[in-house]
Every structure is written in C-alpha cells, then in structure tokens.
Amino acid sequence: MNTATDVSRGIEDLRESLGSDLTIAAHYYVSHEVKRWADEIGDSLQLARLAAEDSSAHHLVFCGVLFMGETAAILSGTQRNVYLPRADAGCPLADSATIDGVLSAWDGLDHRDRFLPITYVNSSAEIKAFCGERGGATCTSSSARQVFEAVEESGKRVFFMPDENLGHNTAVEMGIPEEEISRFNPDTLEFEGAGPGDARILLWGGSCPVHVEFSPEDVRAARNRGLRVAAHPECRRQVCAVSDEVGSTDHMVDVVSAGRNESWAIGSEINLVDYLQRQNPRRHIESLGAARACEDMHRITAMDLLATLESIASGDAVPVRVPTAIAEPARIALDRMLSIVEGRGLTP
Ligand code: 13P
Ligand code: SF4
C-alpha cells in the first residue's frame with residue numbers, strides 16, 4: 001500500500017524526470033495535498049489564460065473539473081496535451097444546462113436577434129460552441145461584467161447561462177433594474193419576470209450546489225462576531241447584497257491578503273478558505289456559516305495526480321479530447337472572452 005510519503009516521493013521523482021515538459025495547474029478549490037504540487041494555482045480565468053499561452057511543456061496536468069480540462073484542451077490546441085487526474089470530477093452547475101435545453105430556450109425566443117448568448121465557462125464544450133456560432137462568448141466569474149458590458153456596447157442584450165446568481169449579481173452591479181431581468185426556468189421551459197421581449201438580460205435558472213447554500217443569516221451572524229464577509233458571485237443575490245466584498249476566487253484572494261489585519265468569513269468553497277488561511281497565517285479566516293466542499297473538486301487526490309504522472313511517463317495517459325467540430329466554435333467563444341479581457345473588445 002502507498003503511504004503518503006511514497007506518494008509524495010513518487011510525484012517528486014516524476015516531476016523531476018518529466019522536467020520542463022510538464023506543467024501542473026490547480027484550481028484553488030482542490031485540496032492542499034494536490035495544490036502543493038502545482039506550478040500554477042489560479043481561478044478559472046487565470047488557468048484559461050495559462051492554457052492559451054505558448055509553452056514548451058507538452059503535458060499540462062489540470063487539477064480541476066471536466067469543464068476546466070475541456071477549456072484548457074480547446075485553448076491549448078495542438079501545442080500540448082491536457083490531462084485530468086479524475087475524469088469523473090464534473091460540475092453539477094455545468095450539467096444543469098444541456099445543449100437541447102439551451103436550444104429550446106433560444107429557439108423559443110421571439111426576439112432572439114436582439115440577444116447574444118453568453119455562457120459561463122462552467123458549461124459543456126457544446127454550449128460554448130453554441131455561443132461561438134451565434135456571435136456570443138464565454139465568461140468567468142472575474143470577467144462576467146466586462147463581457148456583459150461589451151455585449152451592451154455592441155447594441156445587443158445578454159442571454160446568460162447557466163448560473164442565474166452570477167448573472168443576477170453582475171446585472172445588478174451594472175445598474176440593470178430587477179424589472180428588466182428575465183429568468184428562464186429550465187424545468188418548466190418558461191420565462192419568468194420581465195417578458196423576454198422587454199428584458200435587458202435573460203438568465204438561465206441554474207445554480208452551484210455549494211454557493212447557493214450560503215444565506216443572509218450566515219452573513220449577519222458573521223458580522224455580529226466582528227468578521228468581514230467576502231462572497232463569490234455564485235452566491236444568492238440576497239447574500240451578495242449584504243456582503244462587504246463580492247468577487248471571483250482571485251478577487252477574494254487579493255482582498256483578504258491585501259487588507260489590514262481583518263478577520264474574514266468567506267462565502268465560498270472550503271479548500272479556498274484553507275488556502276487563504278495558509279497564505280495569511282496571522283489572520284483569522286473561516287467559512288461563512290457551515291464549511292462547504294465542492295465534492296467534485298474534493299475527489300481529486302495526490303494519489304490520482306501520481307497515477308496521472310505515471311501514465312504520462314509510460315506513454316499510456318489519455319488526454320482530454322474535444323471533437324474538432326465542437327472545439328473550433330467553442331474556441332471562438334473563448335477567444336472573444338480573452339479579447340474583451342485584454343482590452344481588444346468583442347471581436348466578430
Ligand atoms: P472562479 O471563476 O472564481 O474560478 O470560480 C469557478 C467555480 O467553479 C466557482 O464555483
Ligand atoms: Fe461547479 Fe460549484 Fe464545484 Fe464550482 S464549486 S465546480 S460551480 S459545483
């Protein structure tokens with residue numbers, strides 16, 4: 001049986017022998033036992049940008065969930081192979097929007113020429129391709145506002161999927177009134193709120209099972225104990241409205257690390273809370289309310305990382321593959337996001 005020491009030694013040896021041909025990337029939400037081996041730790045946007053960069057490393061091991069591995073594979077093109085340590089680590093939010101459901105919402109829109117489809121990267125490659133083929137783009141939690149604003153500047157309105165809360169929080173931050181927000185209910189296949197013809201923004205009604213659990217009562221309780229509260233925009237509007245800071249994972253890392261010696265309650269995933277505490281040992285940092293893990297991210301272990309490195313070394317590793325007919329239009333949607341983030345605007 002492999003002890004933790006054997007696993008560590010195995011990873012160390014293989015990293016050394018694969019050398020500059022290997023990059024290990026990890027999302028903040030994977031556990032410390034995995035993140036400690038990463039060359040790069042980041043949020044979804046940072047890791048997508050890493051995958052799009054030129055690199056001499058032919059192997060990118062991506063410690064994250066399926067949509068992140070697919071995104072990295074699409075952006076890496078033919079220059080490198082991307083491997084996921086756990087092929088069964090998915091994202092229930094991404095799974096909440098199927099391509100058939102999205103097509104049925106889109107085809108049922110009377111005024112669809114007024115809208116551009118925008119998908120959170122937490123979505124399947126098919127949905128990214130759907131957006132790319134219709135002039136739309138992807139966004140991450142740290143780029144949502146920039147992407148929504150670019151759509152409005154182009155004279156169109158946003159049809160956003162699949163995270164209702166990220167869409168709602170971003171819309172409110174942009175000053176869009178509630179009565180101009182419409183919600184598509186994927187269960188009834190009906191629009192709710194503003195009629196889709198009048199709406200300035202349409203939101204697919206999906207949510208993250210981890211972030212949706214935080215409540216305004218959790219925020220009040222943390223505040224009563226003298227803590228400042230930072231919440232991810234996948235949390236409900238009622239939670240974000242009363243939090244001190246709202247922002248992507250990377251934004252939370254910045255505000256918590258940059259602030260004075262404040263104590264924080266974090267409305268996000270437990271491994272991010274753990275990371276923040278390790279990075280800021282003199283500050284008090286805790287989960288907002290009950291500690292909540294993303295089961296899929298949490299599934300990835302150091303043992304899985306070792307097995308992936310062993311299979312790369314033996315030539316047996318199976319890289320993430322996205323069929324070209326899907327990867328090409330999905331890449332267009334991803335490139336439009338990167339173009340907006342890099343200040344080049346919404347490209348045709
Ligand atoms: P970030 O965009 O902040 O990395 O979030 C990704 C995610 O899956 C949040 O649940
Ligand atoms: Fe998906 Fe939520 Fe896990 Fe992020 S935290 S990967 S949105 S289930």
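As the structure lists them, so they are numbered: ligands from 1, and atoms in each ligand from 1.
Of the protein's non-hydrogen atoms, the one nearest atom 8 (O) of ligand 1 is Asn122 ND2, 3.1 Å. The protein atom (non-hydrogen) at minimum distance from atom 2 (O) of ligand 1 is Ser141 OG, 2.7 Å. Here the heavy atom of the protein found nearest to atom 3 (O) of ligand 1 is Thr249 OG1, 2.5 Å. Annotation: atom 6 (C) of ligand 1 to nearest protein heavy atom, Ser44 OG, 3.4 Å. When hydrogens are left out, the protein atom nearest atom 10 (O) of ligand 1 is Glu234 OE1, 2.9 Å; that is the closest non-hydrogen contact.
Shown here are the protein N/O/S atoms lying under 2.8 Å from atom 3 (Fe) of ligand 2, water excluded: Cys294 SG.
The ligand atoms of ligand 1 that sit less than 4.0 angstrom from a heavy atom of Asp43 are 4 (O). Contact atoms of ligand 1 toward Tyr29: 7 (C), 9 (C), 10 (O) (distance under 4.0 Å to a heavy atom of the residue).
Between Met161 and Phe184 there is no side-chain heavy-atom pair separated by less than 4.5 Å.
Other residues, nucleotides and ligands contribute over 12 non-hydrogen atoms within 6.0 Å of the CD atom of Gln238. Around the CD atom of Glu342, the shell of radius 6.0 Å holds more than 12 heavy atoms that belong to other residues, nucleotides or ligands.
Ser8 and Thr5 form no side-chain donor-acceptor contact under 3.5 Å, judged by distance and modelled atom types alone.
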For this session: For ring-ring contact (aromatic ring centres under 6.0 Å, His included), just list the numbers for Trp106 and Phe115, CA-CA rounded to whole Å, side-chain angles, deciding distance to a tenth of an Å, and then say yes or no.
Result: CA-CA 10 Å; Trp106 183 254; Phe115 291 91; 7.3 Å; no
For this session: Give the C-alpha distance, both sets of side-chain angles, the deciding distance and a yes or no for side chain to side chain donor-acceptor pair (under 3.5 Å) between Asn271 and His298.
Result: CA-CA 8 Å; Asn271 287 303; His298 215 68; 3.0 Å; yes
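Using a non-hydrogen distance threshold of 4.0 Å, His211 registers as a contact of ligand 1. Using a non-hydrogen distance threshold of 4.0 Å, His27 registers as a contact of ligand 1. Under a 4.0 angstrom heavy-atom cut-off, Gln46 registers as lying outside contact with ligand 1. His27 does not count as a contact of ligand 2, since none of its heavy atoms falls under 4.0 Å from the ligand.
Neither the backbone nor the side chain of Tyr28 comes within contact range of ligand 1; no heavy atom lies under 4.0 Å. With a 4.0 Å heavy-atom cut-off, ligand 1 is reached by no atom of Asp250. The proximity of His232 to ligand 1, defined as any non-hydrogen pair under 4.0 Å, is limited to the side chain.
Under the 3.5 Å distance criterion, the side-chain polar atoms of Glu269 are matched with a main-chain donor or acceptor of Cys294. Panel note: side chain Thr308, backbone Asp304; a donor-acceptor pair is recorded below 3.5 Å.
Between His211 and His232, the angle of the ring planes lies from 30° to 60°, which puts this pair in the tilted group. Aromatic ring orientation, Phe160 versus Tyr120: tilted (interplanar angle from 30° to 60°).
Between Arg157 atom CZ and Leu116 atom CG the span is 11.5 Å, to the nearest 0.5 Å. With rounding to the nearest 0.5 angstrom, the CD atom of Glu40 is 14.0 Å from the NE2 atom of His27.
Aromatic rings from His32 and Tyr275 are positioned such that their centres are separated by 6.0 Å or more.
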